[in-house]
There are 2 protein chains.
Amino acid sequence: MLEVRVAQANDRMRPVEAPLPGDCVVLIVDDDDDFRETLGDLFTSVGLPSMAFPSTAALLKNGLPDKPSCMVLDLRMPGASGLDLQARLAEMGARVPVIFLTGYADVPTTVRAMKAGALDFLPKPVREQELLDTVTDALRRDHERRCSEDADAEVRRLAQSLTPRETDVLRGVSRGLLNKQIAFELGITEITVKMHRSSAGRKLRSNSVADLIKKVELLGL
Amino acid sequence: MLEVRVAQANDRMRPVEAPLPGDCVVLIVDDDDDFRETLGDLFTSVGLPSMAFPSTAALLKNGLPDKPSCMVLDLRMPGASGLDLQARLAEMGARVPVIFLTGYADVPTTVRAMKAGALDFLPKPVREQELLDTVTDALRRDHERRCSEDADAEVRRLAQSLTPRETDVLRGVSRGLLNKQIAFELGITEITVKMHRSSAGRKLRSNSVADLIKKVELLGL
DNA sequence: AGCAGACCGATACCAAGGTATGGATCGGTT
DNA sequence: AACCGATCCATACCTTGGTATCGGTCTGCT
C-alpha cells in the first residue's frame, strides 16, 4: 500500500492514521445549517462518519451513540449553549471529548470550557487539517477510555453478586491480613473466612491472589 | 474561634480556610515592579508567604522551593514568556500548578496554556478574592500531589536496590503465577524463586503479598 | 589474592492457602 | 410447606508460601 503525497491540498484526502476502532462517529452540534453540512462533508471526505444536530436539545433527544465518538460543538447557539451542553453531559456522566468551535470567544469563556474538560477550543473559521487532527486524536482517546472503562465495568458487574460478608473478607485480604486475622476481626472462624474468600474469588473470576487484589483495589473496597 | 464578617471589604482579611500544610509559598513572576509588590502585599495580608521574581530567568536561577507552592505567572514579559516557563517547568518534571495572570490574552494562547496544564487563566486587573481562592486551591492541590508522590517515590527508592533477577520474580508474582511457574519461566528452581521473592519483599518492606503486589503495580513492572 | 554481592541450589520444617465433603441455622420467596 | 441463598462451622487432605541453614559459582572491585 504505497501512498504518494504530491501536494498540501491533498492532505484532507489522506486516510486517518490509525483506522481507529473502525466504528466511530463525530457529533456535530451547530445552529448554522450550511456550516453543519460543510463539516459533515469534510469528515466524510476522510472517511469519518458524522451526525449533525442543529441544537443541544436535538442531540440530547437523540441520545449519545454507544461507540467511540467526539463532539464538535458551537459555543454560541440559540437555546442551550455549548457550555450548557458540556455541563449537562458531565452531570450525566457522559465523558465524550468535546471540541469547541466558535467565532466569538472571549478568554473567560475559553478558560471555563477548558477547565470543564474541553479537549480543545478552535476559532472559526477553522483550518480543516487542524480540526481533523484534533478530531482523530479525540476519537482515539475516547476509544482508549472506553476500553479501560469496559474492563472496569465488567469487574464491577461481577462484584455486584458478592454478599456483604464476602466483601468484608475481601477487604481484609486487600489489607494483607492473614485468614486468621480476618477471622478474628469478623468474629468468625478461619474456615469460614476461607469459604467466603474462595467464593468471592470464584465470583470475581480470579484464579490468583494477585488478580484478586488488583480487582479489589479497582473496586475501591 | 468566632469569626465575625461585617463587610465584603474585609474578605481579604479572613484566614485561609484550611491552613494548608502550614508551610507553603506563592511564586510570583511578573516584570512589573509595582504589580509584584501589590500581589505580594495581597498574599501577605491573608498570611500566605510569597516570593517574587521579575523574570522567568530569575525564578529558574533561584530554583523551586521544596514545599507546596503555586505560581502566579504573567503571560507577557520581556525575555522568556510565561508559556515558555510553563514548558520549561514541564520538561524539568516540575509539576507546580500555574495560574496565568495577564491583561492581553487571546483565545489561542489561552487554549495553549490550558492544554499545557495551567490551572487557571485570570485577566488583569484581577479580582482579589478570585485570585486568592484560586491560589489557595492550587496550594492545596500541590500539597496533595506531593503527599502521594512522596509515598510513590519512597517505593521507587526502595526498588532501586532490587537485583534484575528479583524484579523478574516480582513480575511473575504480580501476574499471579505460582512460584513453580515463575521458576519454570526463568529456568531456575522453585527454591531460588522463593529466595528472590523473600529478598525482594524485604527490600520493598512488604510484610504481605497484598502489599507487595500493590507496590509492584505502582512500580509498573 | 581477597572480598562483596548476585546468582543458583538443596534439605527440612512449619505456617498458611485452598478444596472437598458434610452439616447447621435463619430469613425470605414461591 | 418447600425451597433457596446467605451465613456459619468442622474434619480431612494436599498444595503453596515462607524461612532458616547449609552449600556452591561467577563477576567485578580493591
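Residue numbers begin at 1 in each chain, while the letters A, B, ... track the order of the sequences. Quantities reported herein were computed from a predicted structural model and do not represent experimental measurements.
- Out of dC7(C), dT11(C), dT19(D), the shortest distance to the side chain of Ile191(B) is found at dT11(C).
- Leu178(B) places its CG atom 11 Å from the P atom of dG18(D), with the value rounded to the nearest Å.
- With dG17(D), dC8(D), dG18(C) as the choices, the nucleotide that has an atom nearest any side-chain atom of Met195(A) turns out to be dC8(D).
- Using a distance-only test at 3.5 Å, with no hydrogens or angles considered, no donor-acceptor pair links the side chain of Glu154(B) to the main chain of Ala151(B).
- Taking OG1 of Thr136(B) as the reference point, atom CG of Leu48(B) lies at 7.5 Å (rounded to 0.5 Å).
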The test is side chain to side chain contact (heavy atoms under 4.5 Å, CB included); show your working for Leu204(A) and Leu170(A) and say whether it passes.
CA-CA 11 Å; Leu204(A) 293 185; Leu170(A) 285 185; 3.9 Å; yes
Please tabulate, for side-chain N and O atoms in residues 82-98 of chain B, each donor-acceptor pair with protein atoms closer than 3.5 Å (sequence neighbours left out).
residue: Asp84(B); atom: OD2; partner: Ser81(B); partner atom: N; Å: 3.0
residue: Asp84(B); atom: OD2; partner: Ser81(B); partner atom: OG; Å: 3.4
residue: Gln86(B); atom: NE2; partner: Ala113(B); partner atom: O; Å: 3.2
residue: Arg95(B); atom: NH2; partner: Glu149(B); partner atom: OE2; Å: 2.3

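- Non-hydrogen atoms lying under 4.0 Å from DNA chain C are contributed by Arg165(B), all within residues 165-177 of chain B.
- Taking every heavy atom of residues 207-216 of chain A and every atom of DNA chain D, no pair lies under 4.0 Å.
- Within the structure, a side-chain polar atom (N or O) of Thr189(A) is placed less than 4.0 Å from OP1 or OP2 of dC9(D).
- Along DNA chain C, the nucleotide nearest to Ile188(B) and the one nearest to Ser161(B) differ in position, and the one closer to the 5' end is contacted by Ser161(B).
- For dA6(C), the OP1/OP2 oxygens have no side-chain nitrogen or oxygen of His196(B) closer than 4.0 Å.
- In this structure, the salt bridge (charged side-chain N to carboxylate O under 4.0 Å, His left out) partners of Arg171(B), at least two apart in sequence or on a different chain, are Asp168(B).
- The nearest whole Å value for the distance from the CD1 atom in Ile182(B) to the P atom in dC8(C) is 13 Å.
- The terminal axes of the helix from dA1(C)-dT30(D) to dT30(C)-dA1(D), fitted over 5 pairs per end, subtend an angle of 30° to the nearest 10°.
- Contact check, Lys194(B) against dT19(D): no side-chain N or O comes under 4.0 Å of OP1 or OP2.
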Expected string for nucleotides 25-30 of chain D under the B/S/- scheme (protein heavy atoms, under 4.0 Å, primed atoms plus P, OP1, OP2 as sugar-phosphate) is ------
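- Proximity of Asn179(B) to the phosphate of dT16(D): no side-chain N or O atom is located under 4.0 Å from OP1 or OP2.
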Would you please test Val72(B) and Val29(B) for side chain to side chain contact (heavy atoms under 4.5 Å, CB included) and show each step? CA-CA 6 Å; Val72(B) 175; Val29(B) 184; over 6 Å; no
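- One atom, NZ of Lys180(A), and another, P of dA10(D), lie 15 Å apart when rounded to the nearest Å.
- Between Arg146(A) and Asp150(A), no side-chain nitrogen of the basic residue sits less than 4.0 Å from a carboxylate oxygen of the acidic one, so the salt-bridge criterion is not met.
- The pair Glu217(A)-Lys214(A) does not count as a salt bridge, with every side-chain nitrogen at least 4.0 angstrom from each carboxylate oxygen.
- Looking at Asp30(B) and Arg36(B), no side-chain N of the basic residue comes within less than 4.0 Å of a carboxylate O on the acidic one, giving no salt bridge.
- Closest non-hydrogen pair, Asp142(A) versus Ser69(A), comes out as OD2-N, 2.8 Å.
- Between the CG atom of Leu162(B) and the P atom of dC7(C) there is a distance of 10 Å, rounded to whole Å.
- For Lys215(A) and Asp211(A), the salt-bridge test passes: some basic side-chain N is under 4.0 Å from an acidic carboxylate O.
- Between Thr192(A) and dC9(D) there is a side-chain polar atom (N or O) within less than 4.0 angstrom of OP1 or OP2.
- The side chain of Arg197(A) lies closest to dG18(C), out of dA10(C), dG18(C), dT19(C).
- When the nucleotides dG9(C), dT7(D), dG17(C) are ranked by their closest atom to the side chain of Thr163(A), dT7(D) comes out on top.
- One finds no salt bridge joining Lys180(A) and Glu185(A) here, because no Lys/Arg side-chain nitrogen approaches an Asp/Glu carboxylate oxygen to under 4.0 Å.
- Summarising the geometry of Val25(B) relative to Pro65(B), their closest heavy-atom pair is CG1-CG, 3.6 Å, with the distance given to 0.1 Å.
- In this structure, Gln181(B) atom CD and dT15(D) atom P are separated by 15 Å, rounded to whole Å.
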Full working for salt bridge (Lys or Arg N to Asp or Glu O under 4.0 Å) between Arg141(B) and Glu144(B):
CA-CA 5 Å; Arg141(B) 285 188 195 220; Glu144(B) 285 169 10; over 6 Å; no
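- Counting all heavy atoms, side chain and backbone alike, Phe121(A) lies closest to Met114(A) at CB-SD, 4.2 Å.
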